Engineer: 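Okay, here's the structure, questions in a sec.
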Amino acid sequence: MSMGHEVRYRVRGGRQLHGTVFVQGAKNAVLPMIGASLMASKGRTVLRNVPIIEDVQRAVELARAIGAKAELHETERTLVIDASTLSSPVLPADIASRFRGSFLFVPALLHRLGEAVIEGVGGCNLGSRNLDFHYNGFKRMGATVTEQVADNGDGIIHIKAGDLRGGTLYCDTPSHTGTENLIMAAALARGTTLIKNAALEPEVLDNIAILQAMGAKISGGGTGFVTVEGVEELTAVEHTVMPDRIDAGVFVMAAAISGGDLNLVGATLEHLGVAADKLEQMGVEFHQQGAVLQVRRNRTLRPINVITDEYPGFATDLQSPIMALSCLAEGPSYIYERIFDGRFKLAGELAKMGADIEVDGNRAKVNGPRGLRGAEVEAHDLRCGSALVLAGLAAEGETTITSGYYLDRGHAHTAERLSQLGADIAREVG
Ligand SMILES: CC(=O)N[C@H]1[C@@H](OP(=O)(O)OP(=O)(O)OC[C@H]2O[C@@H](n3ccc(=O)[nH]c3=O)[C@H](O)[C@@H]2O)O[C@H](CO)[C@@H](O)[C@@H]1O
Ligand SMILES: C=C(OP(=O)(O)O)C(=O)O
C-alpha cells in the first residue's frame with residue numbers, strides 16, 4: 001500500500017507491444033457489489049475476479065471500519081465479506097475521502113443501522129460531481145438529510161433512514177452510482193420503487209444481477225426504467241465480477257499507440273460501446289477470436305471526433321486515453337466532454353510532452369500528428385494517469401509520471417502487465 005508515499009511511473013517509449021494481457025475485474029462493478037454485500041445480515045459473500053486496486057483496498061478498510069469482516073485474498077483475486085456484525089454508521093473521512101465508491105455503502109448503512117454519517121466522499125477531481133440525485137432519492141423514500149460542519153470546516157452529511165418506503169425516483173441524467181444507490185436503497189424498502197432515467201452501464205447491470213441473486217426483486221435493468229419490489233432480507237452469495245471495459249479500452253489504445261498487436265483475455269467488444277467504432281475509424285483492427293479479442297493498428301492513425309456520453313455512448317473514462325492517442329493522428333481531432341465539467345487537466349500535461357491541444361470549456365481540439373517527447377508529468381486523476389502512460393509508450397525518451405496513486409486506484413499491476421508485453425516501464429514508491 002502506497003498511502004503517504006509518492007508513487008511514480010517511469011516509461012521509456014518507442015517499443016511496440018505484443019502478447020496476451022488479462023483484463024482485470026471491473027472497478028466500477030466490484031465497488032457497488034461490496035456495498036450490496038453489506039446489506040446481507042447473515043452469511044458471507046464471496047466476490048471473484050476482484051481487481052487488486054487501491055480502491056478495493058480502501059473499500060476493505062471502510063467495510064472493516066463500519067464493523068464488517070472483510071478478507072481480500074490477492075492471489076485468488078477473491079474478496080470474502082461477512083456483514084453480520086455492522087456496528088458503526090460512520091464513513092470516516094480518512095478512508096471514505098479516498099475513493100468514490102465509499103458512497104455506495106450508504107444504502108446498507110441506512111437499512112442495517114438506520115442511518116449513515118458521511119464524513120467525506122472521494123473520487124477523481126473531475127469538476128462538480130454532485131450527489132443530489134442520490135440525496136433526493138433517499139429523501140423521496142422517507143429519509144432525512146442534514147449537513148453539519150466539522151471542527152476542521154468539512155461538511156458532514158447525516159442521513160436518517162426512518163422507515164424507507166418505495167416511491168417514484170429519478171435521475172436528471174442517468175447517473176452511474178446514483179442508479180446503483182437508489183436500486184440498493186429500494187431493494188429493502190417497503191413497497192415498490194420505480195427509478196426513471198436509470199443508467200444503462202454494464203456495471204449497473206452486473207450489480208442488479210448480484211442483488212437479484214441475493215433475493216432482490218428488480219426488473220427493467222438496461223431499459224432506463226427500473227422497478228424494485230422491496231423484500232425483507234438479502235442473502236449472501238458468490239458472484240464473479242465482470243471484466244473492466246475501461247481497463248480493456250486502455251490496453252486497446254496501448255496497442256494502437258505503440259503500433260503493436262495484443263490479445264486481450266476478458267475483453268468484451270460490446271462493452272466498449274461507441275469507443276470501439278471510433279477506434280476502428282482511427283485505424284484499429286479488432287478480431288474477436290472466441291473469448292479472446294485481438295487488437296492491432298493497421299495503418300497510421302486517422303483523426304477522430306469524440307463526444308462522451310452515457311453507455312453505450314463513448315465512455316468518459318476513455319476520453320483521456322483517446323486524447324493521448326489522438327496526438328499521433330494525421331490531422332486535428334475534436335473531443336467534446338459532456339459528462340464531467342472538469343476532465344481536461346490532461347491537456348496541460350500532454351503539452352509538456354509536445355502535444356498541441358486547444359481547450360475551450362468542455363471542448364478540446366487535438367492538433368496531430370505530434371511527435372511526443374518524454375517529460376515529467378503529473379496524473380491529476382485516474383484516467384489522466386492512464387493517458388500519460390499511453391503517451392509515454394509513444395514518446396521519445398523517458399516520461400516520469402508523478403501522483404501515480406491515482407493510476408493505482410483503478411488499474412491493477414499496470415507496470416507488470418505492460419512489461420510483460422514488452423514495454424519499458426517501472427513503478428517506484430518513495
Ligand atoms: C465508482 C464509479 O462507478 N465511478 C464511475 C461513475 O461515477 P459517478 O457515478 O460519480 O458518475 P455519474 O454518472 O453519477 O456522474 C456523471 C455526471 O452526473 C453528475 N451528477 C451525478 C450524480 C448526481 O447526483 N448529480 C449530478 O449532477 C455529475 O456531476 C457528473 O457530471 O460513473 C462515471 C461516468 O461513467 C465514471 O467516470 C466513474 O468511473
Ligand atoms: C472517475 C473515475 O472513477 P471514480 O468515480 O472512482 O473517481 C474513473 O474511473 O475514471
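Just follow the structure's listing: the first ligand is 1, and inside any ligand the first atom is 1. By convention here, the first residue in the shown sequence is residue 1. A quick note: this is a predicted structure, and the numbers were derived from the prediction, not measured.
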Engineer: So, taking the atom named CG in L79 and the one named OG in S37, what distance separates them when rounded to the nearest 0.5 Å?
Structural biologist: 7.0 Å
Engineer: Can you sort out the partners of F103 under ring-ring contact (aromatic ring centres under 6.0 Å, His included), two or more places apart, ordered by chain and number?
Structural biologist: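 F103: ring-ring contact (aromatic ring centres under 6.0 Å, His included) contacts with H134, Y135.
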Engineer: Which is it for H176 and ligand 2 at heavy atoms under 4.0 Å: side chain, backbone, both or neither?
Structural biologist: neither
Engineer: When only distance counts, is N28 in polar contact with ligand 2, meaning an N/O pair under 3.5 Å?
Structural biologist: no
Engineer: Can you give me the closest heavy-atom contact between L109 and S88, atom names plus distance?
Structural biologist: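 So the minimum-distance heavy-atom pair works out to CD2-O, 3.6 Å.
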Engineer: Can you confirm if the NZ or CZ of R98 lies within 45° of the ring axis of Y405 and under 6.0 Å from the centre of its six-membered ring?
Structural biologist: yes
Engineer: For ligand 2, find out whether one of its N or O atoms is nearer than 3.5 Å to an N or O atom of R100.
Structural biologist: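 No, no N or O pair falls under 3.5 Å.
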Engineer: Does at least one non-hydrogen atom of Q319 fall below 4.0 angstrom from an atom of ligand 2?
Structural biologist: no
Engineer: Which one of R100, K345, R409 satisfies the side chain to side chain contact (heavy atoms under 4.5 Å, CB included) criterion with C124?
Structural biologist: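 Going through the options one by one, the only one that passes is R409.
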Engineer: What protein heavy atom sits nearest atom 1 (C) of ligand 2, and how far away is it?
Structural biologist: L126 CD1, 3.4 Å
Engineer: Regarding E238 and R48, does a basic nitrogen lie under 4.0 Å from an acidic carboxylate oxygen?
Structural biologist: yes
Engineer: Give the numbers and elements of all ligand 2 atoms closer than 4.0 Å to a heavy atom of G123.
Structural biologist: 7 (O)
Engineer: Got a second to check how far Y406's OH is from S386's OG, nearest 0.5 Å?
Structural biologist: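 Interatomic distance, Y406 OH to S386 OG, rounded to 0.5 Å: 13.5 Å.
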Engineer: Could you tell me whether R343 and E337 have a side-chain N and a carboxylate O separated by less than 4.0 Å?
Structural biologist: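 No, this pair does not count.
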Engineer: Residues around ligand 1, heavy atom under 4.0 Å from any ligand atom, sorted by chain and number. Can you pull those?
Structural biologist: K27, N28, R100, S128, R129, N130, L131, D132, F133, H134, T173, S175, H176, T177, T316, D317, I339, F340, R343
Engineer: Please list, in number order, the atoms of ligand 2 under 4.0 Å from a heavy atom of L382.
Structural biologist: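 Listed by number with element: 8 (C), 9 (O).
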Engineer: Any idea which atoms of ligand 2 are less than 4.0 Å away from a heavy-atom of R129?
Structural biologist: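 The list of qualifying atoms is 1 (C), 4 (P), 5 (O), 7 (O).
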Engineer: Just verifying a value: how many Å separate L31 CG and T177 OG1, rounded to the nearest 0.5 Å?
Structural biologist: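 Interatomic distance, L31 CG to T177 OG1, rounded to 0.5 Å: 10.5 Å.
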Engineer: With a 6.0 Å cut-off (strictly less than), is the heavy-atom count around CD of E270, excluding the residue itself, greater than 12?
Structural biologist: no
